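Along the sequence shown, the residues carry numbers beginning at 1. These numbers were taken from a predicted model, which means no experiment stands behind them.
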Amino acid sequence: MICLKIPGLSEIKKDRLYFVNDITRFLASIHVVHDEVKCYETMDKFRLINNAIKHDCYSFSRVVTTKRGDKYGEKELRMMYMDRAQKLNTYLSDLYEKVMTSPRVKGVSA
């Protein structure tokens with residue numbers, strides 16, 4: 001939703017905002033460096049885990065393996081969510097601030 005504030009996005013581009021590479025490219029177009037947003041690494045780790053779970057929905061494995069090869073069992077997933085969930089709020093807050101203060105977006109209502 002935050003990236004929808006970027007002016008000039010076509011409906012087709014808006015529909016592709018679930019791809020992290022597209023989000024990163026769109027943010028760059030307004031001079032926001034995605035991997036410099038606070039807690040980017042945590043967001044990316046959650047993204048990879050969620051994608052692994054989503055794409056492995058038919059497996060009966062009790063271990064989730066991300067595209068990077070990281071493996072998470074139930075205990076590791078629980079610990080990660082407990083330890084890092086608050087950092088997602090930090091990521092979203094910082095991303096919102098960077099998008100809304102970008103010269104290409106300033107003046108657009110929230």
Results of ring-ring contact (aromatic ring centres under 6.0 Å, His included) for Phe19 - residues two or more places apart only: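 Not a single residue meets the ring-ring contact (aromatic ring centres under 6.0 Å, His included) criterion with Phe19.
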Any residue meeting ring-ring contact (aromatic ring centres under 6.0 Å, His included) with Tyr40, in chain and number order, not counting sequence neighbours: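 Partners of Tyr40 under the ring-ring contact (aromatic ring centres under 6.0 Å, His included) test: His34.
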Test side-chain contact (heavy atoms from CB on, under 4.5 Å) applied to Leu95 and Leu27, step by step: CA-CA 10 Å; Leu95 177 62; Leu27 290 172; 3.8 Å; yes
Where Ser102 and Ile30 come nearest, the two heavy atoms and their spacing: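 Heavy atoms of Ser102 and Ile30 come nearest at OG-O, 2.7 Å.
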Shortest non-hydrogen contact between Val37 and Val32, atoms and distance: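 The pair with the smallest heavy-atom distance is CG2-CG1, 4.4 Å.
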Distance (rounded to the nearest 0.5 Å) between [X] [atom1] and [Y] [atom2]:
| X | Y | atom1 | atom2 | value |
| --- | --- | --- | --- | --- |
| Asn89 | Thr42 | CG | OG1 | 11.5 Å |
| Ile49 | Lys67 | CD1 | NZ | 14.5 Å |
| Leu48 | Met43 | CG | CE | 8.5 Å |
| Lys45 | Arg84 | NZ | CZ | 4.5 Å |

Non-neighbouring partners of Thr66 that pass side-chain hydrogen bond (donor to acceptor under 3.5 Å, both in side chains), sequence neighbours left out: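 If we apply the side-chain hydrogen bond (donor to acceptor under 3.5 Å, both in side chains) test to Thr66, skipping adjacent residues, there are no hits.
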Report all side-chain donor-acceptor pairs from residues 68-79 shorter than 3.5 Å, counting only partners two or more places apart or in another chain.
unit_1: Arg68; atom_1: NH1; unit_2: Asp44; atom_2: OD2; d: 3.3
unit_1: Arg68; atom_1: NH2; unit_2: Asp44; atom_2: OD2; d: 2.6
unit_1: Lys71; atom_1: NZ; unit_2: Thr65; atom_2: OG1; d: 3.4
unit_1: Glu74; atom_1: OE1; unit_2: Arg62; atom_2: NH2; d: 3.3
unit_1: Glu74; atom_1: OE2; unit_2: Arg78; atom_2: NH2; d: 2.9
unit_1: Glu76; atom_1: OE1; unit_2: Gly73; atom_2: N; d: 2.8

Inter- and intrachain pairs under salt bridge (Lys or Arg N to Asp or Glu O under 4.0 Å), touching residues 87-101, at least two apart: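 Output for this query lists Asp94-Lys98.
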Qualifying salt bridge (Lys or Arg N to Asp or Glu O under 4.0 Å) pairs, either residue in residues 25-43, two or more places apart: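 Counting only pairs at least two positions apart or across chains, the salt bridge (Lys or Arg N to Asp or Glu O under 4.0 Å) contacts touching residues 25-43 are Asp22-Arg25.
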Hphob cluster co-occupancy, Leu92 + Phe26, side-chain heavy atoms under 4.5 angstrom: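 Yes, because Leu92 and Phe26 connect within a single hydrophobic cluster, where side-chain heavy atoms sit under 4.5 Å apart.
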Connected via hydrophobic side-chain network under 4.5 Å: Val33 and Tyr96: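 Not linked; separate clusters.
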Arg47 and Val20, any side-chain heavy atoms less than 4.5 Å apart: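 Answer yes - side chains close enough.
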